[in-house]
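Working notes for the structure below.
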2 protein chains.
Amino acid sequence: MTSLPAPMTTPDFVVLGMISLGAGTGYAIKKRVATSIRFFWTISEAQIYPSLERLERAGMVASRLAPSGGRRRRVFELTAAGRGALHDWLVLSEPMPFELRDVGLVRLFFADALSPDEARTLLGAVRRRSEARIAALLAIRPAAAEVSEGKGDHPLLTLRMGIAFHRAIIEVCEAFERETTLN
Amino acid sequence: MTSLPAPMTTPDFVVLGMISLGAGTGYAIKKRVATSIRFFWTISEAQIYPSLERLERAGMVASRLAPSGGRRRRVFELTAAGRGALHDWLVLSEPMPFELRDVGLVRLFFADALSPDEARTLLGAVRRRSEARIAALLAIRPAAAEVSEGKGDHPLLTLRMGIAFHRAIIEVCEAFERETTLN
DNA sequence: GAAGCCATGTAATTGGTTACATGATTAG
DNA sequence: CTAATCATGTAACCAATTACATGGCTTC
């Protein structure tokens, strides 16, 4: 119930959320992120472990030592307070920043400085990049389906969104390619 | 011709690219970014002015003092070396990181922890956010069209992409809403 | 017995933002 | 005359990443 000295940040809620999907180690959280939300949120070990510590001090998670053999191991699970805090954050009506940093689009924006041929090459690179991304998203689909066994399919929903917007990029690339080669 | 002591970063190429669209002040670069690429790349004054200085030392841009009244003013323009460096960067075959950070999708990912009603509210918020983004993109369309007068329409292309992928998100939202309210 | 994975953590650095400081000009 | 916009810069701070350090267990 104790509140954090500093207000909780988004990365804190990400680790809280990952633990809400099932108890696990810091390492497991990292792996879960890599097979789920990594396409719209990343987090590094150097954030996870300190965050876990803060969350425990705040009573949001509880840990127990569960060494496997001689290997140090700490398993975290959600507390009632943690569940409540996560819920409150999820329903919080607050602007949700959508931040994109894409050098591909930046280059494309300046592509009028290129010859038609070079510009077409660049466009192709952007298109293929999205194709590769879709392939990577399809590859993690099984993991997403597994995480939401029975109790909902929001992990699959976010996966669909990732696929949908890369498909949208591909379609615009193809349309533009047709338009420019036509004349 | 002198090369930068440190290798050029993406923000450096962004200011170089903005100058390639026409000479201007640091302040003008900031404004151009705000009415063009800000949806997939941001840059702050604290980056622009030092970057401009570095670019000039490297011979990529040249500045002349052009005070307007008693107001200090420095106008930068592209040099031949700058044009070459920009071109080389644009055709560079190198991975182009696409980085998205979206707390909206993060929340949606964890939305199985919510009641169906709460989850629907969250989904609506995500949808409306993309609708607002499309409106903002349509608002800067005139500025984008102006920038690429005659010599190409890549600025409009990147604008189309922004619109397309927010449309894709909206479509997935609507489809999911239908699916979940149906049963 | 080597490579790779499980696991936990810290230190140093980076890349970037916010806030500040300053001041002239123009539009209402 | 006041607010907004044009314009240039710096200092302090912060979030986050990379790299490092350590070590046991598992699989080939």
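We name chains A, B, ... by the order of the sequence lines, and we start the count at 1 in each one. Scope of the values below: all heavy atoms of this structure, side chains included, with no hydrogens, waters or symmetry mates.
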- Paired with S51(A), the side-chain contact (heavy atoms from CB on, under 4.5 Å) test is passed by just one of D12(A), I43(A), I29(A), namely D12(A)
- Partner set under side chain to side chain donor-acceptor pair (under 3.5 Å) for E131(A), not counting sequence neighbours: R127(A)
Please list each protein N or O that sits under 3.5 Å from an N or O in nucleotides 14-18 of chain D, with the distance.
residue : atom : partner : partner atom : Å
dT17(D) : OP1  : T42(A)  : OG1          : 3.1
dT17(D) : OP1  : R101(B) : NH2          : 3.3
dT17(D) : OP2  : S44(A)  : OG           : 3.2
dT17(D) : OP2  : Q47(A)  : OE1          : 2.4

- Query: Hey, is CZ on R101(B) packed in by over 12 heavy atoms from elsewhere, all under 6.0 Å?
  - Reply: yes
- Looking only at atom types and distance, does a side-chain atom of R32(B) sit under 3.5 Å from a main-chain N or O of M18(B), one as donor and one as acceptor? yes
- Message: Atom CZ of residue position R141(B) - does it have more than 12 heavy atoms of other residues, nucleotides or ligands inside 6.0 Å?
- Response: no
- Message: Can you list everything that forms a salt bridge (Lys or Arg N to Asp or Glu O under 4.0 Å) with D117(A)? Sequence neighbours excluded, please.
- Response: R120(A)
- Task: Output all residues satisfying ring-ring contact (aromatic ring centres under 6.0 Å, His included) with F165(B), sequence neighbours left out; order by chain, then residue number.
- Result: F165(A)
- For E118(A), check side chain to side chain donor-acceptor pair (under 3.5 Å) against everything at least two apart and list the hits. S115(A), H87(B)
- DNA chain C: first to last nucleotide in contact with chain A (atom under 4.0 angstrom from a heavy atom), 5' to 3', is dC5(C) to dT17(C)
- Message: Going by the rule ring-ring contact (aromatic ring centres under 6.0 Å, His included), which residues pair with W41(B) if we only count those two or more places apart in sequence or in a different chain?
- Response: none
- Message: Using the side chain to side chain donor-acceptor pair (under 3.5 Å) criterion, which residues pair with S130(B)? Sequence neighbours excluded.
- Response: H166(B)
- Note on the structure: As a check of understanding: the bend across the helix from dG1(C)-dC28(D) to dG28(C)-dC1(D), end axes from five pairs, rounded to 10 degrees, works out to 40°
Can you tabulate the close N/O pairs, meaning under 3.5 Å, that link protein atoms to atoms of nucleotides 3-7 of chain D?
residue : atom : partner : partner atom : Å
dC6(D)  : OP2  : Y27(B)  : OH           : 2.7
dC6(D)  : OP2  : K31(B)  : NZ           : 2.9
dC6(D)  : O3'  : R71(B)  : NH1          : 3.4
dC6(D)  : O2   : R71(B)  : NE           : 3.2
dA7(D)  : OP1  : R73(B)  : NE           : 2.4

- Task: Apply ring-ring contact (aromatic ring centres under 6.0 Å, His included) to F176(B) and list each qualifying residue two or more places apart in sequence or on a separate chain.
- Result: H154(A)
- Query: Got a sec, which residues hit salt bridge (Lys or Arg N to Asp or Glu O under 4.0 Å) with E53(A), two or more places apart in sequence or on another chain?
  - Reply: R74(A)
